[in-house]
Amino acid sequence: MPKLFFSALISLVFFASCSGSKKKKAEQHMIFRYNELGVVSSLDPAAASNFENIWAVNQLFNGLVQMDDSILVRPCIAKSWEISNDRLKYTFHLRKDVFFHDHSVFPEGKGRKVTAGDFEYSFERLFNKSVSKAADLLEYFNRNESDGLKGFYALNDSTFVVQVKKAFPAFLGILTMKFFSVVPREIVEYYKSDFGRNPVGTGPFSFKVWKEGQKLLFIKNENYFEKEGEHKLPYLDAVSVSFIRDRESAWLNFLKDNVDMISGFDAFNAKEVLTSAGELKSIYKNRFVLQSQPFLKTDYLGFLMDDKMLDQKPNPFRTKALRQAINFGIDREEMIKYLRNNIGTAATNGFVPHGLPGYDNNEVIGYSYNPEKAKQLMYLAGYQDGKGLPEMTLNTTKQYLDLAEHIRFQLSQIGLKILINVIEDGSFREGVANSKMNFFRKSWVGDFPDPINFLALFYSRNFAPNGSNYTHFKNQHYDDLYDKALYEQNDTLRRNYYYEMERIIVEEAPVVPLYHDRVIRLVQNNVTGLTVNAMNMLNLKTVKKID
C-alpha cells in the first residue's frame, strides 16, 4: 500500500475523534479498534507469556500449527506433518508461499520466503533465558548438546523435524503457542534486544506504530498466505489498540462507537450492563453483541509453601489445616452471584477448569462453603478463633480489590485477620513470578487444551522463578503421577492420573481455587466474523466491518 495511505491511516486512527468526516473515512478503511486495559510489554513471540502480549503477537506472527475455535490443532505454515510410530519424531512440511513482512533490512525491502531454517533459528532462540519465557515447555525436546542433539532441525528448506524425549499426546497443542512462532534471523540480529518493539513476522497484519501506553497500530499484510474460500485474508485494513486504563472512560468510548470491542468481565460495569443471569440488559440488546462461553481459566489464591516467610518468620501457611480452613471459609457461589453477575463457575471441583475435552470434573470433589468445618480446622491448626495467628497480607491488583474485600470479610468470620495490599500490575506479576509473595490472588489461563497445563503449576521441577510453580508446592507422589501422566498414551489411564493429582491438590491445599471464568466480550453490531473460543484467543484475520 502506498506511503500516502499509511500517513492518512495513522492520522485517522490517532485523531478520528476530531471530526465526523474523519471518523467516517476511518470506517471506510475498515479499522478494527479494541481497548486493552492491561499492558503490552513486548511484541516478541518469545516473550508472549501474558495475555495482553499474546493477543497482539497473534496478529503479527504464525507458527507451524494453529488452534481452531473448537481448540483442535490445524495446519498453519506447516501444510501437513507425519508422526513416527513411536511418537518421538514430528516431520513438518512447510508451505512455500509464506513470506515475512516487508522490511528495509531485506533485499529491496521485500519480505523473503520462510524456510525450515527460520524455524530452527526461532526454536533455538527460545533456549536463551534472557529472551524467552518458554522455560516450562522446553523440557519436551530431545536435546543434549554434548551429543549434538538439538531436538529439532531443518532437513531441507521445506521440511522441519522435531524430536521429543518421550511420546507426549498433547505436544502438537504446545506448538500452537505463540512462543513457537517463526521470526527472521536478520531482523532479530539487526534490532537485538529491541526486536520486541520492532517486530517482523508473517501474520495477517504487520507492525506500524507503537506509542507506549497510548496506541498500537497494525496494518494489513497484503502478502498473507491464508484464504477464506477464494478470498484472501485479512479483510481489515488495520487494527488499532488503545490503552484506556480507566474502566468508565473505556466504556464511554465504546458507547460512542470509538471502540469496536471491549473484553473481560472487568472491562465494564457488569451490574449496569448485564442482568443477574449474565445476559445483556434489554436497553443494550440492539446496540451491541455479547460474546460469552466457558474459558480455560482458573482464578485462585496461592500460598507460598516455603518453611520461612519472606521476612524469615515461621510460615503459618505450612500448616495444612489452616490452608484447608481458608478453602472451606470462602463462599464461591456467593462470590459468582453477587460480584460477577453469574459470569463464571464456582471452583468446587478442583483446579482444572470445566470444558477440557474428555475431562470430567465430577471425578474430583473440592471445597464448598462450610464455615463450621473451617472453624474446626482452625482449632486443629492451633489457631482457635484466630488466636496466635498474625495478620495475613493478601496481595492483589486494583482490578480485583472488590473480590479481595469479599474474601477478607468472609475469612474474618472464622477468625482470620487479612490485610489487603494492592500492587501495580507489572510489580504484581514480577512478585508472583519470583515467589516474593506469601499470599496472593492469581489466575492461570490454559496455554494448550490439556489438564497437564494446569497441573504443571504444582510440579516441583517447575519451581518459580524458573517455572510456573509459584507456590513452591512439593509432593513426591504428585511428581511421580505427573511424570507418568506426561507420557501415558492410554487416554483412560492418563485421565485417572490427572484425577489422582487433583485429589492431592485438594487434600494438600496449596491454593484456593475460586472460580473458572468465562470469555466475555462486548462487540459493536457492525462487526462480523469475530469468533470466540475457550482459549480466548483473539483472531482478527476473518473480521469485517459493515456500514
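In this structure the side chain of Phe127 never reaches within 4.5 angstrom of the side chain of Ser132, judged on heavy atoms. Using a 4.5 Å heavy-atom threshold, the side chains of Thr115 and Leu94 count as separate. At least one side-chain heavy atom of Val188 sits under 4.5 Å from a side-chain heavy atom of Arg125. Taking 4.5 Å as the limit, every side-chain heavy atom of Tyr300 sits out of range of all side-chain heavy atoms of Tyr515. No side-chain heavy atom of Phe179 sits less than 4.5 Å from a side-chain heavy atom of Asp447. Residues Phe92 and Phe119 are not in side-chain contact: their nearest non-hydrogen atoms beyond the backbone lie 4.5 Å or more apart. Side-chain atoms of Leu530 and Leu538, non-hydrogen and from C-beta on, do get closer than 4.5 Å to each other. With contacts defined as side-chain heavy-atom distances shorter than 4.5 Å, the pair Leu126/Phe180 qualifies.
When all heavy atoms are compared, the tightest approach of Asn525 to Val289 is OD1-CG2, 3.4 Å. Heavy atoms only, all atoms of each residue included: Gly196 and Trp210 are closest at O-CZ3, 3.5 Å. Heavy atoms only, all atoms of each residue included: His472 and Asn469 are closest at N-OD1, 3.0 Å. Pairing each heavy atom of Phe254 with each of Val259, the nearest pair is CD1-O, 3.4 Å. Closest heavy-atom contact between Gly446 and Met535: O-CE, 3.1 Å. Minimum heavy-atom separation, Ser240 to Lys215: OG-CD, 3.1 Å.
Between the side chain of Arg340 and the backbone N or O of Ile343, at least one donor-acceptor pair lies under 3.5 Å. A donor-acceptor contact shorter than 3.5 Å is absent between the side chain of Gln524 and the backbone of Val527. Distance alone, capped at 3.5 Å, places no donor-acceptor pair between the Arg74 side chain and the Gln66 backbone. In this structure, Gln489 contributes its side chain and Tyr487 its backbone to a donor-acceptor pair below 3.5 Å. Judged by distance alone, the side chain of Ser263 and the main-chain N or O of Arg521 form no donor-acceptor pair under 3.5 Å. Judged purely by atom type and a 3.5 angstrom limit, Thr298 uses its side chain to pair as donor or acceptor with the backbone of Phe351. Gln59 places no side-chain N or O within 3.5 Å of a backbone atom of Gly203 that could act as its donor or acceptor partner. Between the Glu36 side chain and the Gly38 main chain, a donor and an acceptor come within less than 3.5 Å of each other. In this structure, Asn142 contributes its side chain and Gln163 its backbone to no donor-acceptor pair below 3.5 Å. No donor-acceptor pair closer than 3.5 Å links the side chain of Arg33 to the backbone N or O of Met261.
Between Trp55 and Tyr34, the ring centre distance stays below 6.0 Å. Note: His101 and Tyr224 fail the aromatic proximity criterion, with ring centroids not under 6.0 Å apart. For Phe123 and Phe160, the distance between ring centers is under 6.0 angstrom.
In this structure, a donor-acceptor pair under 3.5 Å is absent between the side chains of Asn35 and Asn253. Between the side chains of Asn536 and Lys297, no donor-acceptor pair of N or O atoms lies under 3.5 Å. Between the side chains of Asn434 and Glu430, at least one donor N or O lies within less than 3.5 Å of an accepting N or O. Side chain to side chain, Thr345 and His516 fail the donor-acceptor criterion of an N or O pair below 3.5 Å. For the residue pair Asn533/Thr531, the side-chain donor-acceptor check at 3.5 Å is not satisfied. Ser84 and Asp86 share a side-chain donor-acceptor pair at under 3.5 Å. In summary, the side chains of His103 and Glu186 do not present any donor paired with an acceptor at a separation below 3.5 Å, with no hydrogens or angles considered. Using modelled atom types, one finds a donor on one side chain and an acceptor on the other under 3.5 Å when comparing Tyr498 with Asp450.
Paired with Lys545 under the rule side-chain hydrogen bond (donor to acceptor under 3.5 Å, both in side chains), one option of Asn526, Asp260, Asp237 passes, and it is Asp260. Residue Phe141 is tested with Phe168, Tyr90, Phe152 for a ring-ring contact (aromatic ring centres under 6.0 Å, His included); the sole match is Phe152.
Between atom CZ of residue Phe225 and atom SG of residue Cys76 there is a gap of 4.0 Å, rounded to the nearest 0.5 Å. To the nearest 0.5 angstrom, Tyr235 atom OH is 4.5 Å from Lys544 atom NZ. Taken from CZ in Phe428 to CD in Gln399, the straight-line distance is 10.5 Å, to the nearest 0.5 Å. Separating the OG atom in Ser80 from the CZ atom in Arg95 is a distance of 11.0 Å, to the nearest 0.5 Å. Annotation: the span from Arg429 atom CZ to Ile423 atom CD1 amounts to 12.0 Å, rounded to 0.5 Å. Once rounded to the nearest 0.5 Å, the distance linking CD1 of Ile31 with CZ of Phe218 reads 14.0 Å.
Judged by the 6.0 Å and 45° rule, Arg518 forms no cation-pi pair with Phe265. Judged by the 6.0 Å distance and 45° axis criteria, Arg247 is not positioned over the aromatic ring of Phe268. The side-chain tip of Arg441 points at the ring of Tyr400 from less than 6.0 angstrom away and within 45° of straight on.
The pair Asp118-Arg185 fails the salt-bridge criterion, with no side-chain N (NZ, NE, NH1 or NH2) lying under 4.0 Å from an Asp/Glu carboxylate O. With respect to Lys541 and Glu228, no salt bridge is recorded, no charged nitrogen being found less than 4.0 Å from a carboxylate O. Using a 4.0 Å cut-off between a side-chain N of Lys or Arg and a carboxylate O of Asp or Glu, Asp194 and Arg197 do not qualify as a salt bridge. A salt bridge between Asp483 and Lys166 is absent, with no side-chain N of the basic residue lying under 4.0 Å from a carboxylate O of the acidic one. Electrostatic pairing of Asp425 and Arg245 counts as a salt bridge here, judged by a charged N lying under 4.0 Å from a carboxylate O. A salt bridge does not link Glu222 with Lys232: none of the charged nitrogens is closer than 4.0 Å to a carboxylate oxygen. Arg143 has a carboxylate O that lies under 4.0 Å from a charged side-chain N of Glu124, or vice versa, which qualifies the two as a salt bridge. A salt bridge does not link Lys96 to Asp157: none of the charged side-chain nitrogens sits closer than 4.0 Å to a carboxylate oxygen. Using a 4.0 Å cut-off between charged side-chain N and carboxylate O, Glu120 and Lys150 make a salt bridge.
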Test side chain to side chain donor-acceptor pair (under 3.5 Å) on Asn53 and Ser41; report intermediate values, then the result. CA-CA 7 Å; Asn53 288 7; Ser41 59; 3.0 Å; yes
For Ser42 and Asp44, run side chain to side chain donor-acceptor pair (under 3.5 Å): C-alpha distance rounded to whole Å, both residues' side-chain angles, the deciding distance at 0.1 Å, then the answer. CA-CA 6 Å; Ser42 174; Asp44 185 342; 5.1 Å; no
So Glu139 and Arg461, salt bridge (Lys or Arg N to Asp or Glu O under 4.0 Å) or not? Walk me through it. CA-CA 10 Å; Glu139 289 292 320; Arg461 290 184 63 182; 3.3 Å; yes
Pair Thr202, Asn62 - check side chain to side chain donor-acceptor pair (under 3.5 Å), show working. CA-CA 6 Å; Thr202 59; Asn62 299 103; 2.8 Å; yes
